[in-house]
Amino acid sequence: MFDQEKALITAKIRTYLAQEGIRDAQIEFRQIPFSGEWGLAVPLFPIAAGEARSGKKVNVPQRAAALAEGLQAEFDPEALGLSHVEAVKGYLNLYFSTAEYARRVVDTILTEDGDYGRGADKHQTVMVEYSQPNTHKSFHVGHLRNVILGGSVCRILEFAGNEVIRANYLGDIGLHVVKWMWNYLKNHKGEQPGEDKTHWMNEIYAEADRLFQEPENEAEVRALYARWNARDPEIVDLWKTTRQWSLEGFEQIYDLLGEHFDRIYFESEVEDSGSELVEQLIRDGLATDGRREKPVFIDLDAALGTEDEYRVLVILRSDGSSLYATKDLPLAIQKFEEYDLDRSIYVIDVRQSLYLKQIFKTLELLGYDWADKLYHLAYELVNLPGNVTMASREGTVVLFDDLVAEATSRAKQIVESKNPELSQEAKDSIALAVALGALKYTMLSRDNTKVVTFDWDAALDFNGQAAPYIQYAHVRAGSILRKAGSDLPEEASFPADLEKTEVDLIELMTRLPAEVQRAAEDLRPLVIANLAFDLAKGFNDFYNTCQVLNAEPDIRAYRLRLVAAAKQVIATSLNLLGIDAPNIM
RNA sequence: GCCCUCGUAGCUUAAUGGAUAGAGCAACUGCUUGCGGAGCAGUAGGUUGUGCGUUCGAGUCGCACCGAGGGUACCA
């Protein structure tokens, strides 16, 4: 935002340093940590250290302090539109004119509106593959982290200036599907899914999984698997019908979560190309065909001359049936055939790190020059208290719909107490926004590499550092603007003696553009989650110390604009997390 | 054995190599409303797992160790 000023300041510093016999110094700008007022800091440590390295005998901290003081004497603050300049502990601190800075920030936000913080078009196309559920099975809290993380990463990448293609990859074939069909034919023939399709699908699957433990049942399932492999038309039809139910169930969940996909891949659609690729790999001598005693595998360490690093990748079972690797290889190729991708990101949990490393390496060995554009975005699991892994087999799962129902019911109570006069419909929709916001924030406010321990009370605690607090700040801002009635003042000048809470709020708002870039660069929604909370806290501090509606006309005018700007930035940051910013709650 | 990730306040967690390690829960004190609970203000809480190293400067980078979790050829 202050590029012109920075250029002028940089030139001035260079001139001074040249007099000191220092050339080609890198001038960097930082934030000044504490700021009752604010400005830019220039650390002189790197420059002093540079002198030391070039052989000059200097004590770095002392020299940095001396340079800062020398520079301070050189600066005429007014000529640069600065309020004052200080030399502190080796830093040159340049303070902006408070009123001017504040006005510029707020004007910029209100002019750019929802585009404030958006990065310039990078001309980069990024595919993000996420969610990847298995059809005919449940959707639990572990799956939720993937969808929420992937969805937020997509929004952030897009807003940062990338073109994003959202991809999903569904496990629509395999033993789990056959088990499901077996149980359906045997115990549920003719039944239709109810309102909640995923829940219903999962009940049949869970039952099938239990019954499968019995040897005679297992034999029946295997027999059905053989019919499936022979593409028995009756079974294929059943598969198509039931898969569709699953898809519709997932669609319900994605709608609820506000997610959509541009391209959906199915395991079934890459199975054949996978088999062909395996044959090709054997012909090329890269893969070893050990059938029937052993599988088809690639000894990556042998191929690369590494030891215990890439291990062995099995690409086809000894009985000729396919594995994940059989299908992930052709899928990667297909993605690059269909799209001109600059990056291809896989949002998959951390346990598959080695596996993906092997897949990427294999594609490199196959000679695909885009292999270095593949990236595994690993995230840790969601566990239950006591470090219990969520596994449907053990029955230790928290199902998605149960969780949403509980969260919504708790949110409803809050809405009831705050706004009893609203219509039931309005209450329901607000409760849902609050409930989903709370769940999403719980998932996104932890670093990707950290295990989330799912605790009902913590996830549903709407106080403190949680989405409802942020949403509430947005509502309060909206309420002030609504009560102010007529249109927002088109312009307003800011006074020099702004309250500290006003200054702090404005500074937080200036951080959005840079934080968006950082979040996109590191694929870390956490960065935005933190900023959203800080903004809400900043706004509440402002709200508690500054009157808006009852203030003098001049003050009222600029504060109304400040409130509108804060509302905008909070809404944008929530949007990047996939969280609704309601106007009433 | 080897590889990856994590270790920060009682708990959950933040911190582009830069200034006094920042929050939220829980705790404690006070105020308001009121006792089937909430809001606000404040207080307290830290040898950043341990030890070396790189650096003017390390929670952050490197190495080693300790601890937890995960992975390591036909599971996903």
Side-chain angles (χ1 to χ4, degrees), chain A residues 28-34 41-53 58-65 88-91 93 132 134 137 171 174-176 267 288 290-301 306-326 328 348-358 376 378-381 383 385 387 389 391 393 414 417-418 441-442 445-453 455 457-459 461-466 469 514-515 517-518 521-522 524 526-527 529-531 533-534 537 540 544:
Chain A
E28 42 179 313
F29 291 92
R30 291 174 182 284
Q31 296 277 333
I32 302 173
F34 168 76
V42 180
L44 282 310
F45 293 97
I47 292 158
E51 283 189 287
R53 267 193 295 276
V58 292
N59 173 307
V60 172
Q62 279 174 16
R63 178 60 173 159
V88 185
K89 295 180 184 172
Y91 289 86
N93 289 343
Q132 309 114 326
N134 281 330
K137 282 177 94 168
L175 183 60
H176 70 279
E267 273 190 47
T288 307
R291 286 174 288 183
R292 307 192 58 94
E293 296 78 35
K294 282 186 162 187
V296 181
F297 63 94
I298 303 173
D299 189 338
L300 286 163
D301 279 325
T306 50
E307 204 169 317
D308 243 10
E309 190 179 351
Y310 289 94
R311 308 263 172 174
V312 166
L313 179 64
V314 175
I315 56 175
L316 201 67
R317 285 200 187 88
S318 49
D319 66 2
S321 61
S322 68
L323 291 148
Y324 263 25
T326 324
D328 267 319
I348 299 181
D349 78 64
V350 68
R351 290 174 303 183
Q352 299 193 41
S353 294
L354 174 61
Y355 169 70
L356 286 164
K357 197 169 119 177
Q358 292 173 324
H376 175 207
Y379 64 93
E380 264 291 356
L381 300 182
N383 284 348
N387 226 351
T389 309
R393 206 169 298 269
I414 293 175
S417 68
K418 287 202 197 254
Y441 198 86
T442 300
S445 57
R446 275 158 192 72
D447 232 327
N448 303 336
T449 54
K450 294 225 173 170
V451 176
V452 169
T453 299
D455 183 80
D457 288 331
D461 184 357
F462 295 158
N463 297 317
Q465 188 166 355
Y469 177 86
E515 295 292 65
Q517 293 303 318
R518 187 156 79 97
E521 183 72 24
D522 300 343
R524 287 204 311 157
L526 163 72
V527 170
N530 284 343
L531 180 62
F533 175 73
D534 289 343
K537 192 167 162 49
N540 282 336
N544 288 329

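Convention: sequence-line order gives letters A, B, ...; per-chain numbering from 1.
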Asks: Looking only at atom C1', what distance separates B:U47 and B:C4, rounded to whole Å?
Replies: 29 Å

Asks: Which pair of heavy atoms, one from A:Pro43 and one from A:Ala41, lies closest together, and at what distance?
Replies: CD-O, 3.8 Å

Asks: Report, as a single string ordered 5' to 3', how protein heavy atoms within less than 4.0 Å touch nucleotides 71-76 of chain B: B base, S sugar-phosphate only, - not at all.
Replies: BBBBSB

Asks: Just say parallel, tilted or perpendicular for the rings of A:Tyr91 and A:Phe45, cut-offs at 30° and 60°.
Replies: perpendicular

Asks: Rounded to whole angstrom, note down the P distance from B:G67 over to B:A27.
Replies: 34 Å

Asks: Got a sec: does the CD of A:Glu309 have more than 12 other heavy atoms crowding it under 6.0 Å?
Replies: yes

Asks: Expressed in whole Å, how much space separates the P atoms belonging to B:C28 and B:A64?
Replies: 46 Å

Asks: Tell me which of A:Gly464 and A:Lys89 sits closer to the 5' end of RNA chain B, going by the nucleotide each one is nearest to.
Replies: A:Lys89

Asks: Given salt bridge (Lys or Arg N to Asp or Glu O under 4.0 Å), test A:Glu515 with A:Arg518 step by step and report yes or no.
Replies: CA-CA 5 Å; A:Glu515 295 292 65; A:Arg518 187 156 79 97; 3.2 Å; yes

Asks: Establish, from distance only, whether the side-chain atoms of A:Thr449 and A:Asp447 form a donor-acceptor pair under 3.5 Å.
Replies: no

Asks: Write down the atom of A:Val350, the atom of A:Ala378, and the distance for their closest heavy-atom approach.
Replies: CA-CB, 4.0 Å

Asks: For B:C25 and B:G39, measure between their P atoms and round to the nearest Å.
Replies: 9 Å

Asks: Based on Watson-Crick and G-U pairs with both distances under 3.5 Å, what dot-bracket line describes RNA chain B 5' to 3', crossing pairs as [ ] and inter-strand pairs as |?
Replies: (((((((..((((....[...)))).((((((.....)))))).....(((((..]....))))))))))))....

Asks: Where do A:Arg317 and A:Asp319 land on the salt bridge (Lys or Arg N to Asp or Glu O under 4.0 Å) test, with the steps shown first?
Replies: CA-CA 5 Å; A:Arg317 285 200 187 88; A:Asp319 66 2; 5.3 Å; no

Asks: Do A:Val452 and A:Tyr379 touch side chain to side chain, with heavy atoms closer than 4.5 Å?
Replies: no

Asks: Can you tell me how far C1' of B:C40 sits from CG of A:Asn544, to the nearest Å?
Replies: 8 Å

Asks: Could you go through nucleotides 5-14 of chain B and list every protein N or O atom that sits under 3.5 Å from one of its N or O atoms, giving the distance for each pair?
Replies:
| from | atom 1 | to | atom 2 | distance (Å) |
| --- | --- | --- | --- | --- |
| B:U5 | O2' | A:Thr449 | O | 3.3 |
| B:G7 | OP1 | A:Lys450 | NZ | 3.2 |
| B:U12 | O2' | A:Arg446 | NH2 | 2.6 |
| B:U13 | OP1 | A:Arg446 | NE | 3.4 |
| B:A14 | OP1 | A:Asp447 | N | 2.8 |
| B:A14 | OP2 | A:Lys450 | NZ | 2.9 |
| B:A14 | O2' | A:Asn530 | ND2 | 3.3 |

Asks: Can you tell me, in whole Å, how much space there is between the C1' of B:A15 and that of B:G53?
Replies: 24 Å

Asks: Evaluate whether the aromatic ring of A:Tyr91 and the six-membered ring of the B:G18 base sit under 5.5 Å apart, centre to centre, with an inclination under 30°.
Replies: no

Asks: Report all interatomic pairs (protein N or O, nucleotide N or O of nucleotides 59-61 of chain B) with separations under 3.5 Å.
Replies:
none

Asks: Using the C1' atom on both, measure B:C6 against B:U12 and round to a whole Å.
Replies: 15 Å

Asks: Is there a donor-acceptor pair closer than 3.5 Å between any side-chain N or O of A:Ser318 and the backbone N or O of A:Arg291?
Replies: no

Asks: Tell me, please, which residues at least two apart from A:Arg446 pass side chain to side chain donor-acceptor pair (under 3.5 Å).
Replies: none

Asks: Taking the six-membered ring of A:Tyr310, is NZ or CZ of A:Lys357 closer than 6.0 Å to its centre and within 45° of its axis?
Replies: yes

Asks: Are A:Gln465 and A:Asn530 side-chain neighbours, meaning at least one heavy-atom pair lies under 4.5 Å?
Replies: yes

Asks: Please report, rounded to the nearest Å, how far the P atom of B:G24 is from the OH atom of A:Tyr441.
Replies: 12 Å

Asks: Answer with base, sugar-phosphate or nothing: what part of the nucleic acid does A:Tyr469 contact at a heavy-atom distance below 4.0 Å?
Replies: nothing

Asks: Checking all strands, does A:Ala48 fall into the base, sugar-phosphate, or nothing category for heavy-atom contacts under 4.0 angstrom?
Replies: nothing

Asks: Can you name the one residue among A:Thr306, A:Leu300, A:Leu354 that meets side chain to side chain contact (heavy atoms under 4.5 Å, CB included) with A:Arg311?
Replies: A:Leu354

Asks: For A:Tyr441, enumerate each residue passing the ring-ring contact (aromatic ring centres under 6.0 Å, His included) test, keeping only those at least two apart in sequence or located in another chain.
Replies: none

Asks: Distance check, P atoms only: B:U60 and B:C52, in whole angstrom units.
Replies: 14 Å

Asks: Specify the closest pair of heavy atoms between A:Ser445 and A:Leu526, including all atoms of both residues, with the distance to one decimal.
Replies: O-CD1, 3.4 Å

Asks: Provide, to the nearest angstrom, the distance between the CZ atom belonging to A:Arg63 and the C1' atom belonging to B:U55.
Replies: 20 Å

Asks: If I pick the C1' atom on B:G34 and the same atom on B:U8, what distance separates them, to the nearest angstrom?
Replies: 39 Å

